[in-house]
There are 2 protein chains.
Amino acid sequence: MVTARDVAKRAGVSQATVSYVMSGSRPISEATKKRVRKAMDELGYVPNINARSLAGGKVGVIGVLVHMDENTDLAELRPFLVVIMEEARKRGSSVMLVPADEGIEGLCRMVRQGVVDGVLVFDVEWHDERLPEIARLDIPVVLVGTPENAHGLPCVDVDYRRVAQMAVNRLAERGAQRMVLVGDWGRSLDRYAFAKFFASESRVVAQVLGMEYEIFIPREKGWRGIWAMKDELKRMAQCHGGIAVRTPHALDSLLQLCVEMQIQPGRDFSLVAVYVDGHDEELRVPVDNVDPVPQSVSKAAMGLLFDRIDGHKTGERLLVSPHITIRS
Amino acid sequence: MVTARDVAKRAGVSQATVSYVMSGSRPISEATKKRVRKAMDELGYVPNINARSLAGGKVGVIGVLVHMDENTDLAELRPFLVVIMEEARKRGSSVMLVPADEGIEGLCRMVRQGVVDGVLVFDVEWHDERLPEIARLDIPVVLVGTPENAHGLPCVDVDYRRVAQMAVNRLAERGAQRMVLVGDWGRSLDRYAFAKFFASESRVVAQVLGMEYEIFIPREKGWRGIWAMKDELKRMAQCHGGIAVRTPHALDSLLQLCVEMQIQPGRDFSLVAVYVDGHDEELRVPVDNVDPVPQSVSKAAMGLLFDRIDGHKTGERLLVSPHITIRS
DNA sequence: CTGTTAGCGCGTTCAG
DNA sequence: CTGAACGCGCTAACAG
């Protein structure tokens with residue numbers, strides 16, 4: 001293993017100088033900097049992360065706390081993860097997945113072991129019992145999502161109110177007098193802020209616009225849950241109502257149901273769904289969508305996290321604007 | 001931070017003794033062991049991973065090299081990841097995702113930095129140019145997949161030949177005289193061993209059983225690619241042929257096409273798909289499936305990896321048996 | 001501007 | 001069976 005001492009020897013400086021060249025925490029003359037850099041290159045030097053962290057430096061690892069059980073859809077996590085890893089790499093860090101299913105002991109252990117510089121917390125619930133403990137951890141943390149009480153932790157989320165507004169407005173534009181919101185199986189509306197406020201805000205907007213408003217929560221997982229919407233769908237087709245779908249899975253099933261019932265979204269009723277741009281390629285028909293911009297959300301979250309890690313206490317709360325695409 | 005020295009002080013022993021109690025690398029009397037353990041619990045002691053690794057121990061981190069770009073389906077990775085993290089946790093390790101899209105420099109850096117004890121390599125291609133370099137890394141590595149030349153690295157994979165045999169046999173059982181293999185968009189058949197051998201072996205089996213054999217590779221992503229099978233599907237319904245589908249995505253689209261064309265799988269033609277048990281809940285109709293048992297594969301891979309990490313050089317190659325479920 | 005030195009927390013000798 | 005002492009590679013405070 002090539003150590004900093006080897007580099008120092010080769011560059012004819014002290015080992016500490018090598019360290020300062022890397023961290024920049026002390027002014028070093030251009031000449032020596034260049035010599036040291038050259039020596040590093042020639043020897044293929046890579047600083048040992050463990051030694052660095054032991055001596056009080058950064059580890060270069062970001063922890064990402066996520067659910068990983070059978071019911072979670074890792075596909076939804078993908079756009080977040082892609083950006084997170086990209087941003088991490090830009091700053092010379094790596095990403096570590098921390099499963100959240102067995103409580104946060106794992107997280108606590110990792111933090112106390114000194115494996116991570118900071119943590120991004122996903123799947124933050126509206127009433128999230130983990131937060132007090134996480135807040136006590138005393139390392140940089142950013143929540144992705146919105147809890148009722150953040151316990152002083154910074155949050156980043158998509159502006160769920162605007163998501164709802166955009167969706168409902170679109171249905172109204174298309175002339176719907178009546179709308180149904182299709183939720184997600186197995187998750188109570190009150191569990192996550194996004195679902196909660198999407199529902200409440202869309203109800204408000206619908207009311208303001210004089211639309212009838214209904215919520216449909218599938219009682220079963222997958223296709224069967226949506227199948228139960230059959231009658232509702234027929235009704236929507238008769239009155240040319242509007243349907244707002246909150247998850248890609250539900251949308252897929254709904255579209256299948258439409259084919260089966262020979263009902264055509266866009267013609268027989270209006271349809272808006274919340275899904276990430278790009279998912280439309282999987283769809284058989286164009287469906288207007290509000291993109292919850294996971295890329296922007298995670299980018300913002302990483303920005304905040306690295307600010308914290310670097311010692312700057314910046315903003316506490318960030319709401320990212322979604323955007324809508326008309327495809328029908 | 002609670003250190004081993006603190007524990008030692010409280011237990012009335014030396015720091016070294018604490019270390020020995022943990023590693024078991026030297027016999028310690030039951031009495032002192034108990035005292036030390038108690039002190040650890042009372043203080044909430046967690047050994048510092050960085051110090052441990054610096055002193056020559058393990059880091060407790062497993063790297064997982066995966067593709068993370070727009071085209072990869074993270075959902076397919078989930079069953080693997082779930083088991084990997086479970087197995088890692090059982091052995092007191094954590095899991096680190098290493099993106100493979102920008103080459104393996106990232107991996108090399110991490111290994112030399114000493115961040116990981118071992119690496120699991122996913123998305124191993126048949127001709128994989130990364131392998132020589134990975135082999136030179138000189139840390140425990142296990143490949144998940146099958147390359148033409150493993151460069152001495154151990155591999156774990158599902159027995160793709162048996163997958164093909166099971167699928168084709170099932171179609172034959174159902175009386176199909178003609179079969180079509182539906183592949184995956186955007187990936188050449190020769191890129192991954194699984195696709196390659198699934199195709200070649202199913203062709204062989206079909207031939208032996210006297211079936212006509214055809215391969216269909218979608219030319220476009222998502223729904224549109226499968227749409228092009230329209231005529232073929234009609235033909236299959238006429239002669240009651242069989243279709244074997246290699247990916248869940250293609251299966252979903254195919255089922256939609258069936259609804260649209262009022263063709264019923266199981267009645268009008270026979271259908272077998274490769275998908276993980278559990279995905280059937282998302283399906284509108286029951287479809288026989290060969291489960292490529294990602295759980296078993298990753299469990300085996302982790303077993304091999306930890307053997308390597310612990311210094312035992314065990315088996316070089318492991319093929320895990322798939323299993324078929326008749327649902328129609 | 002640079003060199004010297006003292007730890008960081010743990011594993012592992014070597015004396016007892 | 002135990003305890004003191006050394007060193008892993010690096011950062012940061014202290015001296016020039």
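Numbered from 1 within each chain, the chains take letters A, B, ... in sequence-line order.
Using a cut-off of 4.0 Å between Lys/Arg side-chain N and Asp/Glu carboxylate O, A:Glu316 and A:Arg308 are scored as salt-bridged. Taking 4.0 Å as the cut-off between side-chain N and carboxylate O, A:Lys90 and A:Glu87 count as a salt-bridged pair. Between A:Glu42 and A:Arg35 there is no salt bridge, since none of the side-chain N atoms of the basic residue sits less than 4.0 Å from a carboxylate O of the acidic one. The pair B:Glu30-B:Lys34 does not count as a salt bridge, with every side-chain nitrogen at least 4.0 angstrom from each carboxylate oxygen. Using a 4.0 Å cut-off between a side-chain N of Lys or Arg and a carboxylate O of Asp or Glu, A:Arg130 and A:Glu133 do not qualify as a salt bridge.
Using a 4.0 Å cutoff to heavy atoms of chain A, the contacted part of DNA chain C runs 5' to 3' from C:dC1 to C:dG9.
Without hydrogens or angle criteria, A:Asp41 side chain to A:Lys38 main chain gives no donor-acceptor distance under 3.5 Å. Side-chain atoms of A:Asn48 come within 3.5 Å of backbone N or O of A:Asn50 as a donor-acceptor pair. When atom types are taken as modelled, the side chain of B:Asp101 and the backbone of B:His67 share no donor-acceptor pair closer than 3.5 angstrom. Side-chain N or O atoms of B:Asp117 include one that pairs as donor or acceptor with a backbone N or O of B:Gly60 at under 3.5 Å.
Distance B:Lys9 NZ to D:dG3 P: 14 Å, rounded to the nearest Å. Counting to the nearest Å, the P atom of D:dC6 and the CD atom of B:Gln15 are 14 Å from each other. Straight-line distance from the CE atom of A:Met40 to the P atom of D:dC10: 9 Å, rounded to whole Å. Atom-to-atom, CZ of B:Arg5 to C1' of D:dA4 comes out at 10 Å; the value is rounded to the nearest Å. Per the geometry, CG belonging to A:Leu54 stands 13 Å off P belonging to D:dC8, to the nearest Å. The interatomic distance linking A:Arg52 (CZ) with D:dT11 (C1') rounds to 9 Å, in whole Å.
For the pair B:Ser23 and B:Asn50, nearest-nucleotide mapping onto DNA chain C gives the more 5' position to B:Asn50. Comparing A:Val13 and A:Ala51 by the nucleotide of DNA chain C whose heavy atom lies nearest to each, the residue mapping closer to the 5' end is A:Val13.
Within residues 28-39 of chain A, the residues that place at least one heavy atom under 4.0 Å from DNA chain C are, in residue-number order, A:Ile28, A:Ser29, A:Thr32.
At the heavy-atom level, A:Ser19 lies under 4.0 Å from base atoms of the strands shown. Nucleic acid contact class of B:Ala4 (heavy atoms, under 4.0 Å, all strands): sugar-phosphate only.
The structure places CZ of B:Arg317 at 7.5 Å from CG of B:Asp157, a figure rounded to the nearest 0.5 Å.
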Using the 3.5 Å cut-off, write out each protein N or O paired with an N or O of nucleotides 14-16 of chain D and the distance between them.
{"unit_1": "D:dC14", "atom_1": "N4", "unit_2": "A:Arg26", "atom_2": "NH1", "d": "2.7"}

Practice problem: Carefully, step by step, assess B:Thr146 and B:Val124 under the rule side-chain contact (heavy atoms from CB on, under 4.5 Å). | Solution: CA-CA 6 Å; B:Thr146 311; B:Val124 174; over 6 Å; no
